[in-house]
Amino acid sequence: MSDSFTEVTTKSWGSRLGESIKGVLFGLVLIVGSCIFLFWNEGRAVQTQRSLTEGASLVVPVDPARVDAANDGKLVHLSGDLKPGAPLSDPDFTVSATALRLVRTVEMYQWKEETKTETRKNVGGSEETVTTYEYVRTWSETRNDSSRFKRPEGHVNPQMRYSRASYSSRDATLGAFRPGTNVIDKLPASEAVTLDPSLAGKLAGRVKGPVHVADGRIYLGDNPSQPRIGDLRISFRLAPGGPTSIVARQAGTGFAEYQTKAGDALLMVRPGTMSAADMFAAAQRENRILTWLLRLAGVFAMFLGFMLILNPLVIVADVVPFIGNILSAGAGIVSLVLTAIIAPLVIAVAWFWYRPLVSVVVLAIGLALAYGFKRWASQRAAAKRAAQPAPA
């Protein structure tokens, strides 16, 4: 059976027009939803900024070598050598390591459906769509549901026998403190665990089917160099002990989230030695980046909503494809202009709502600059007129 095939479908002008009219309602929902989302994002950004500023003003540096009961309930910062406790072990594959975290990653060799679509408009407004479905083999941590494939026959993916798992140290120590899993789980498992080939013999009676250890990973299948659909490869990564910095509420010998008056709960963990000021500065940068990413997502949703609202006009003009193409480009420009007007307006209103004082100051500065520029331009124009010679 071929691993690719092509399907040609045709939609009449009436069918396309009916679908576009239905899309208008969805477009309205997108526009309203994007306005709400943009407004919410500004509030989220302000709340996080204020929470971090509040935390930076309250944080207390503590000595990890001693637990001071007077700091209980306070927001504290400490840096020190975070040491793992008893070795962590994966019960399914008997892999163990002395680490803060041990993470098992499972990948399955499976089918993946890739599609390529080309659309052609016909005179009269009908539309012809040519879709090519190609089935490729790939490794993936998540199972592709082959029952949803356009042609599942011959491309069936079995269920995964094992899944991802994570194990965290419950008896780690940082000086006199005992950080719990709520702290340990925030550390990245970035160091690969290389498995010994002798592990294959130990697993022969524990797992079903052939088992190998190749390239430092467990391989469940006949031949690691010639994988077959359904074969699995399992790898492990760990978070080693070492210098760690924490900002959190001191809770006995452990740590918990600190609830700020601004609204956010703070619990920050970073590998390495970082000052409290650097940790809060890094969190502020991450907040700004997230704010801009969410702004872009909201703006794109708004643009798409306007395109859907204008789409029926494009479909009507598609009776003559050349005119429809021109109108489609025009709809894109109109949607872009409307988005460029409304999205900043929503963000500006949100700023006035969440930061009225800052907004008033910014507006005053802007008006002052505009007034100053206008006066400068008027004076320059008057000077030019005065410098011109009088007519004979």
Side-chain angles (χ1 to χ4, degrees), residues 47-91 95-105 164-193 236-287 289-290:
Q47 177 175 303
T48 300
Q49 180 188 19
R50 290 174 177 171
S51 297
L52 292 171
T53 302
E54 177 186 340
S57 66
L58 297 174
V59 67
V60 177
V62 299
D63 182 3
R66 185 175 67 91
V67 178
D68 188 350
N71 292 323
D72 213 49
K74 295 181 180 180
L75 183 67
V76 299
H77 165 265
L78 70 162
S79 294
D81 193 18
L82 184 55
K83 299 178 180 179
L88 301 175
S89 179
D90 182 278
V95 173
S96 61
T98 301
L100 298 171
R101 291 183 65 209
L102 179 65
V103 178
R104 177 179 78 194
T105 300
R164 177 186 173 88
S166 178
Y167 311 95
S168 300
S169 178
R170 297 180 178 276
D171 53 357
T173 60
L174 198 162
F177 290 89
R178 302 291 183 271
T181 55
N182 61 333
V183 172
I184 304 298
D185 288 344
K186 290 183 176 293
L187 292 170
S190 55
E191 186 175 308
V193 178
F236 291 85
R237 305 187 73 85
L238 59 81
T244 306
S245 301
I246 300 172
V247 169
R249 175 171 63 87
Q250 182 175 312
T253 59
F255 303 99
E257 291 183 334
Y258 180 87
Q259 183 60 53
T260 63
K261 293 180 181 179
D264 283 6
L266 303 180
L267 197 164
M268 297 185 288
V269 184
R270 300 272 183 174
T273 301
M274 292 183 67
S275 66
D278 288 341
M279 293 183 69
F280 279 102
Q284 293 281 20
R285 286 194 298 271
E286 291 171 356
N287 181 43
I289 292 172
L290 177 60

*Side-chain H-bond candidate by donor/acceptor type, Ser79 with Ser245, under 3.5 Å*: yes
_All salt bridge (charged side-chain N to carboxylate O under 4.0 Å, His left out) counterparts of Arg178, not counting sequence neighbours_ = none
_Distance-minimising heavy-atom pair for Gly252 and Asp72_ = N-OD1, 2.6 Å
_Member of Val247, Val76, Asp264, Leu58 meeting the side-chain contact (heavy atoms from CB on, under 4.5 Å) criterion with Tyr258_ = Leu58
_Distance-minimising heavy-atom pair for Pro271 and Pro188_ = CG-CD, 3.8 Å
*asked:* Treating Asp68 as the side-chain partner and Val62 as the backbone partner, does any N or O pair qualify as donor plus acceptor under 3.5 Å?
replied: no
*With side chains defined as the heavy atoms from C-beta onward, is the minimum distance between Gln250 and Val67 less than 4.5 Å?*
yes
*Smallest separation among heavy atoms of Leu82 and Pro179, with atom names*: CD1-CG, 3.7 Å
*asked:* Has Gln284 got a side-chain atom pairing as donor or acceptor with Leu52's backbone, closer than 3.5 angstrom?
replied: no
_Reported CG-to-CG distance for the pair Leu238 and Leu88, which is rounded to 0.5 angstrom_ = 9.0 Å
*Donor-acceptor contact below 3.5 Å, side chain His77 vs main chain Met274*: yes
*Okay, side chain of Glu191, backbone of Pro240: is any donor-acceptor separation there less than 3.5 Å?*
no
*If you round to the nearest 0.5 Å, how far is OG1 of Thr260 from CZ of Arg50?*
11.5 Å
_For Pro84 against Thr98, the heavy-atom pair lying closest together_ = CG-CG2, 3.9 Å
*With sequence neighbours excluded, what pairs up with Glu286 under the salt bridge (charged side-chain N to carboxylate O under 4.0 Å, His left out) test?*
Arg270
*In Å, rounded to the nearest 0.5 Å, how long is the span from CG of Asp185 to CG of Leu267?*
11.0 Å
*Please round to the nearest 0.5 Å and tell me the distance separating atom OG1 of Thr181 and atom CZ of Arg101.*
10.5 Å
*Below 4.5 Å, heavy atoms only, C-beta onward: do Phe255 and Leu78 meet side chain to side chain?*
yes
_If the condition is side-chain contact (heavy atoms from CB on, under 4.5 Å), which residues does Ala251 pass it with, not counting sequence neighbours?_
Arg249, Ala256
_Can you give me the closest heavy-atom contact between Asp90 and Tyr167, atom names plus distance?_
OD2-OH, 2.8 Å
*asked:* Measuring from atom NZ of Lys186 to atom CD1 of Ile246, what distance do you get when rounded to the nearest 0.5 angstrom?
replied: 11.5 Å
*For the residue pair Gln259 and Ala265, what are the closest heavy atoms and their distance?*
OE1-CB, 3.8 Å
*Say you draw a straight line from CG of Leu102 to CZ of Phe236; how long is it, rounded to the nearest 0.5 Å?*
6.0 Å
